[in-house]
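So the structure is just underneath, and the comments pick up after that.
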Amino acid sequence: MDRILQAASGRIFLRITLKNEKVTSINLDWNNDSHVISMNPETEKIQKALDDYTSGKKVSWPEFEFDFSGLSEFRKKVLQTLYREVGWGSSISYGGLAALAGSPRAARAVGGAMAANPFPLIIPCHRVLGSDRSLTGFSGTGIEMKKYLLHLEGIGCK
């Protein structure tokens with residue numbers, strides 16, 4: 001049975017779906033104040049982290065185990081590399097992330113991995129920019145969300 005953890009803070013709403021204690025998906029959306037949040041000790045940790053995030057503080061998300069079972073090995077490696085290597089307040093280009101993940105000529109494939117990221121915000125695909133620091137898209141909630149998240153982290157872009 002799936003468990004849902006939800007949090008809302010500032011302009012952000014976050015829904016984390018877990019199955020067998022692994023995160024299967026994260027839904028990131030604009031907070032429209034109609035979301036009903038049910039608090040419990042686990043949800044409180046998410047809420048605290050999201051409150052810190054929307055306050056512009058370096059955040060420490062609770063440790064999650066992600067379910068990568070539906071992803072190719074390449075996409076899994078790219079997302080894991082992004083999660084481990086590109087921290088708060090920093091960014092990387094698609095080509096730079098491809099190189100870090102061991103496939104230096106796969107910038108376009110990294111773009112596909114970012115577009116299909118099932119774990120946005122926690123695995124920070126918003127930190128991946130064009131080689132000229134341009135915003136190149138953000139699945140689901142659009143470029144305005146990406147710009148907003150980068151602004152919260154103090155990351156400059158074009």
If you measure from [atom1] on [X] to [atom2] on [Y], what distance do you get to the nearest 0.5 Å?
X	Y	atom1	atom2	answer
E73	Q80	CD	CD	8.0 Å
E144	R11	CD	CZ	8.0 Å
E63	I122	CD	CD1	10.5 Å
D2	K19	CG	NZ	5.5 Å
L150	R133	CG	CZ	8.5 Å
L100	S93	CG	OG	9.0 Å

* **Aromatic contact, W88 with Y53 (centres under 6.0 Å)** => yes
* Asked: Looking at the rings of Y83 and F66, which for Trp means the six-membered one, are their centres under 6.0 Å apart?
  -> yes
pair [X]-[Y]: side-chain heavy atoms closer than 4.5 Å:
X	Y	answer
L82	M114	yes
L14	N27	no
I12	W30	no

* To do: Would you indicate whether R3, at its atom CZ, is surrounded by more than 12 heavy atoms from other residues, nucleotides or ligands within a distance under 6.0 Å?
  => yes
* Heavy-atom count around R84 CZ within 6.0 Å, excluding the residue itself: above 12? -> yes
Considering all heavy atoms of both residues, which atom of [X] and which atom of [Y] are nearest to each other, and what is their separation?
X	Y	result
P62	K45	CG-CB, 3.9 Å
F119	S25	CE2-N, 4.0 Å
A107	A98	N-CB, 3.9 Å
Y94	G130	CE1-N, 3.9 Å
P120	L28	CG-CB, 4.2 Å
A113	V78	CB-CG1, 4.1 Å

Checking the side chain of [X] only, and the main-chain atoms of [Y] only, is there a donor and an acceptor separated by less than 3.5 Å?
X	Y	result
K146	V128	yes
N20	K22	no
D67	V23	no
Q47	A8	yes
S90	V86	no
N117	I123	yes
S103	A106	no

* **Verdict with reasoning, S9 to D51, per side-chain hydrogen bond (donor to acceptor under 3.5 Å, both in side chains)** => CA-CA 6 Å; S9 186; D51 287 343; 2.7 Å; yes
* To do: Evaluate side-chain contact (heavy atoms from CB on, under 4.5 Å) for I46 paired with I16, printing each intermediate quantity in order.
  => CA-CA 9 Å; I46 304 296; I16 301 170; 3.8 Å; yes
* Ion pair R127/E153, N-O distance below 4.0 Å -> yes
* Report the C-alpha separation of L135 and K147 in whole Å, then their side-chain angles, then the decisive distance to 0.1 Å, and conclude whether the side-chain contact (heavy atoms from CB on, under 4.5 Å) test is met. => CA-CA 8 Å; L135 299 177; K147 194 181 299 185; 3.8 Å; yes
* For L149 and L121, run side-chain contact (heavy atoms from CB on, under 4.5 Å): C-alpha distance rounded to whole Å, both residues' side-chain angles, the deciding distance at 0.1 Å, then the answer. => CA-CA 8 Å; L149 298 174; L121 190 60; 4.0 Å; yes
* **Audit row: M145, H126, side-chain contact (heavy atoms from CB on, under 4.5 Å) steps and yes/no** => CA-CA 9 Å; M145 175 68 81; H126 62 280; over 6 Å; no
* Among the clusters formed by ILVMFWY side chains lying less than 4.5 Å apart, do I4 and I26 turn up in the same one? -> no
